[in-house]
4 protein chains.
Amino acid sequence: MFDLDLRSRDPIYQQLVDKFKTLIINNVLETDEKLPSVRTLAQQLTINPNTIQKAYRELEAQGYIYSVKGKGSFVAPIVDVEKKVSLKEIESDLKKILQEAMFLGLTKQEILAMIDEIEQQLGRGNDS
Amino acid sequence: MFDLDLRSRDPIYQQLVDKFKTLIINNVLETDEKLPSVRTLAQQLTINPNTIQKAYRELEAQGYIYSVKGKGSFVAPIVDVEKKVSLKEIESDLKKILQEAMFLGLTKQEILAMIDEIEQQLGRGNDS
Amino acid sequence: MFDLDLRSRDPIYQQLVDKFKTLIINNVLETDEKLPSVRTLAQQLTINPNTIQKAYRELEAQGYIYSVKGKGSFVAPIVDVEKKVSLKEIESDLKKILQEAMFLGLTKQEILAMIDEIEQQLGRGNDS
Amino acid sequence: MFDLDLRSRDPIYQQLVDKFKTLIINNVLETDEKLPSVRTLAQQLTINPNTIQKAYRELEAQGYIYSVKGKGSFVAPIVDVEKKVSLKEIESDLKKILQEAMFLGLTKQEILAMIDEIEQQLGRGNDS
DNA sequence: GTGGTCTAGACCACG
DNA sequence: GTGGTCTAGACCACA
């Protein structure tokens, strides 16, 4: 389900952050939906609870989730993310990788296909 | 020339790698052109030679440059890069960041503008 | 009426404490007025009675209310609060946050406006 | 120097964050000045290095400092803070505490004195 | 049972 | 030597 790569260059908690971001962005996890508890997920993935918490904390800092003591962690509404994250930084990263991908032969068509696919996934946001 | 950001989160050697990639991609550095020697560059930028070396090692691993013992490092032909770097990984990274950017409101038009700009830079060879 | 924010970072009992303080400070609840019973309020807000009780305990510790066994909880006279709460601590907190706000650009004028507004609310007793 | 209260309700790392914020705001620590290393400070205060790091990480998230692997942690320029922190949230907190302080007898004069004092400390920012 | 804090101690990445 | 990650295991605050 989460297919973590323990040998990867980027830390486990970062991989978790990315996974959850994707799930939230693609509306697999909906606003106010509960995330697995720190301990539960730690057991499932057989990694240390502290590592999970670090991931959750980072997600909270970026506005993707909110955590309430004694209750759990939950998906935050999109506006919270928009408040916390700067689109400019992301644009800059995007440009860099786009440049490299196109240099290595990725065509405009392929990118457009990718964009359309993403647009569809985002568009079906049920109620928003 | 290299305008390194010593405050940046990503390590200096990584910034060097990115800079050189950009220069090579935009054909500012041409195939078989010689890169500055480790020592020279270290002096110019007043940073540790080990750091330069690490950057060169990384560039070589990705196929962007090749080193000749006793002579120096040189820009490799594109085909070498294509052999080493898996486009799939980059595509995956691209998709991830594209998702996040669009989730946060970046429009298709803005992305297209970005693509066209890059296409021009790549297409026209060297002129700077 | 109480518009609790279940998503908020600070615990529910703390939000309750703050709400009651505001009501008492602005004289919406008058001295010796009876507060809703723990059970009643718990039902109304559909939250755990323990949470309400914790809030009442905290309010009592700070001198804002007093409890009479078998009868309920009541708003205490101001002097009781002044006895319990050390103004020095609050001054210290105030200074800290004032520093940060002004550091980030909040102007003296804006603060003065805030003060005047509060002064009016405090001065006019009850009217709501 | 740091007079931590290990018994306090708010966690050690939070107290550290507050202390450093104050030092930075009052320009005791200047832009690009180096903070004590995680290990050094941990030894001095006889607390766990992880706790220090948590504090530094939080300060970095709020834009007050930046950390570079292998080099250390440094005070960031003010603009970085302004980018990360929302003044609105702080204003809301300020209003709440201001209300309580004035209810408990803090006079407008006393607050004005406080403001002037802070203004002076901020004003002497050497070069900015 | 839930998130949050803290410690002790190990190991990695960077310069 | 510097920051960063991770583990194991303890204890606290909240609902």
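So that the names make sense, note that chain A is the first sequence line, chain B the second, and so on, each numbered from 1. Given the structure is predicted, the values throughout are model-derived calculations rather than measurements.
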Task: Complementary nucleotide of F:dA8, counting Watson-Crick and G-U pairs under 3.5 Å - done: E:dT7

Task: Pair partner, F:dT2 [Watson-Crick or wobble, under 3.5 Å] - done: E:dA13

Open item on the list: Once rounded to the nearest 0.5 Å, what's the spacing between atom CZ of D:Phe2 and atom CD1 of D:Ile47?
Closed with: 9.5 Å

- [ ] Look up atom CG in B:Asp18 and atom CD in A:Gln99, then write down how far apart they are to the nearest 0.5 Å.
- [x] 10.0 Å

Should [X] be listed as having a side-chain N or O under 4.0 Å from OP1 or OP2 of [N]?
X       : N      : value
D:Lys54 : E:dT5  : yes
A:Lys69 : F:dA15 : no
D:Lys71 : E:dC14 : no
A:Tyr13 : F:dT5  : yes
D:Ser37 : F:dG1  : no

Task: Summary of side-chain hydrogen bond (donor to acceptor under 3.5 Å, both in side chains) pairs that have at least one residue in residues 58-81 of chain A, sequence neighbours excluded - done: A:Lys21-A:Gln62, A:Asp32-A:Tyr66, A:Glu58-A:Gln62, A:Glu60-C:Arg9, A:Tyr64-B:Glu100, A:Ser67-A:Ser73

Task: Nucleic acid contacts - residues 44-53 of chain A versus DNA chain E, non-hydrogen atoms under 4.0 Å - done: A:Asn50, A:Gln53

TODO: Please figure out whether A:Arg9 or D:Gln14 has its closest DNA chain E nucleotide nearer the 5' end.
DONE: D:Gln14

TODO: Would you please indicate if the ring centroids of A:Phe20 and A:Tyr56 are separated by under 6.0 Å?
DONE: yes

- [ ] Among the candidates E:dG3, F:dG4, E:dC6, find the nucleotide nearest to the side-chain atoms of A:Ser73.
- [x] E:dG3

- [ ] Between D:Glu60 and A:Gly70, name the one whose nearest nucleotide on DNA chain F is closer to the 5' end.
- [x] D:Glu60

- [ ] Determine whether any donor atom in the side chain of D:Arg39 lies under 3.5 Å from an acceptor atom in the base of F:dG3, or the reverse, and answer yes or no.
- [x] yes

